[in-house]
Amino acid sequence: MAGYLLDTDICLRAIRDREEGLRVRFNAHADELGVSPISLAALFEGAERTERPERNRRIVKEFAMRLTVRAFDHDAAIHAGEIRAASSIDADRAMIAATARANGLILVTGAPEAYRTIPGLRLESW
């Protein structure tokens, strides 16, 4: 069974519940979904910057409870260094991609163009 790592963009789309097709895919792969702590931090930062931070923190927390938080560990740091050295991708996306690549996960994104140049990264656009 393959595992999936959700990037920040796809998490935002899922939280906003705008697409029936996305919800169906999430439900089909519910036991395989993970998130990077980098994406999780970005989601909580976004919640803090809204007019209703308490409500939005709760929504992010409830969303994240259904996911496995994949650590940004030593191996991921090595991958992130390789990715940053070989591309112009920003640090957050490099760390998210590195977490997926280091753990053999498929990175799920709504912005595949941001990651296409990363060698060895398995990528799906939902």
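- The shortest distance between side-chain heavy atoms of Leu107 and Tyr4 does not fall below 4.5 Å.
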Could you check Asn56 against Phe44 for side chain to side chain contact (heavy atoms under 4.5 Å, CB included), going step by step and ending with a plain yes or no? CA-CA 8 Å; Asn56 291 324; Phe44 279 112; over 6 Å; no
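- Taking hydrophobic clusters as Ile, Leu, Val, Met, Phe, Trp and Tyr residues chained together by side-chain heavy-atom distances below 4.5 Å, Val60 shares a cluster with Val69.
- The distance from atom CD of Glu48 to atom CG of Leu43, rounded to the nearest 0.5 Å, is 12.0 Å.
- How far CD of Glu113 is from OG of Ser125: 8.0 Å, rounded to the nearest 0.5 Å.
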Could you go through Val35 and Thr68, starting from their C-alpha distance and side-chain angles, then the distance that decides it, and tell me whether this counts as side chain to side chain contact (heavy atoms under 4.5 Å, CB included)? CA-CA 6 Å; Val35 66; Thr68 300; over 6 Å; no
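- Here the side chains of Thr109 and Leu123 are in contact, with some heavy-atom distance below 4.5 Å.
- Between Leu105 and Arg70, the closest side-chain pair of non-hydrogen atoms falls below 4.5 Å.
- Under 3.5 Å, the side chains of Asp7 and Ser39 contain no donor-acceptor pair of N or O atoms.
- Across every non-hydrogen atom of Pro119 and Thr117, the tightest pair is CD-O, 3.2 Å.
- Among all heavy-atom pairs drawn from Ala97 and Tyr115, the shortest one is CB-CD2, 4.0 Å.
- The pair Glu54-Arg58 does not meet the salt-bridge criterion, since no charged nitrogen lies less than 4.0 angstrom from a carboxylate oxygen.
- For the pair Ile118 and Arg101, the minimum side-chain heavy-atom distance is below 4.5 Å.
- A distance of 10.5 Å separates CG in Leu6 from OG in Ser36, rounded to the nearest 0.5 Å.
- Side-chain contact check for Phe63 versus Cys11: some heavy-atom pair is nearer than 4.5 Å.
- Summarising the geometry, atom CD1 belonging to Ile83 is positioned 12.0 Å from atom CD1 belonging to Ile78; distances are rounded to the nearest 0.5 Å.
- The nearest pair of heavy atoms linking Ile96 to Leu5 is O-CD2, 3.3 Å.
- Atoms NE2 and CG, from His79 and Leu121 in turn, are 10.5 Å apart once rounded to the nearest 0.5 Å.
- Taking all atoms of both residues into account, the shortest heavy-atom contact from Asn103 to Thr99 is ND2-O, 2.7 Å.
- Residue Arg25 comes nearest to Trp126 through the heavy atom pair NH1-CD1, 3.1 Å, listed as atom of the first residue, atom of the second, then distance.
- Arg23 places no side-chain N or O within donor-acceptor distance of the main-chain N or O of Ala14, the cut-off being under 3.5 Å.
- Heavy-atom minimum distance, Leu40 versus Ala64: CD1-CB, 3.5 Å.
- At least one donor-acceptor pair closer than 3.5 Å links the side chain of Thr50 to the backbone N or O of Ala47.
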Where do Arg49 and Glu45 land on the salt bridge (Lys or Arg N to Asp or Glu O under 4.0 Å) test, with the steps shown first? CA-CA 6 Å; Arg49 294 178 184 271; Glu45 176 187 352; 3.0 Å; yes
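- To the nearest 0.5 angstrom, Arg93 atom CZ is 13.5 Å from Ile38 atom CD1.
- Checking side-chain atoms of Asp9 against main-chain N and O of Gly110 turns up a donor-acceptor pair under 3.5 Å.
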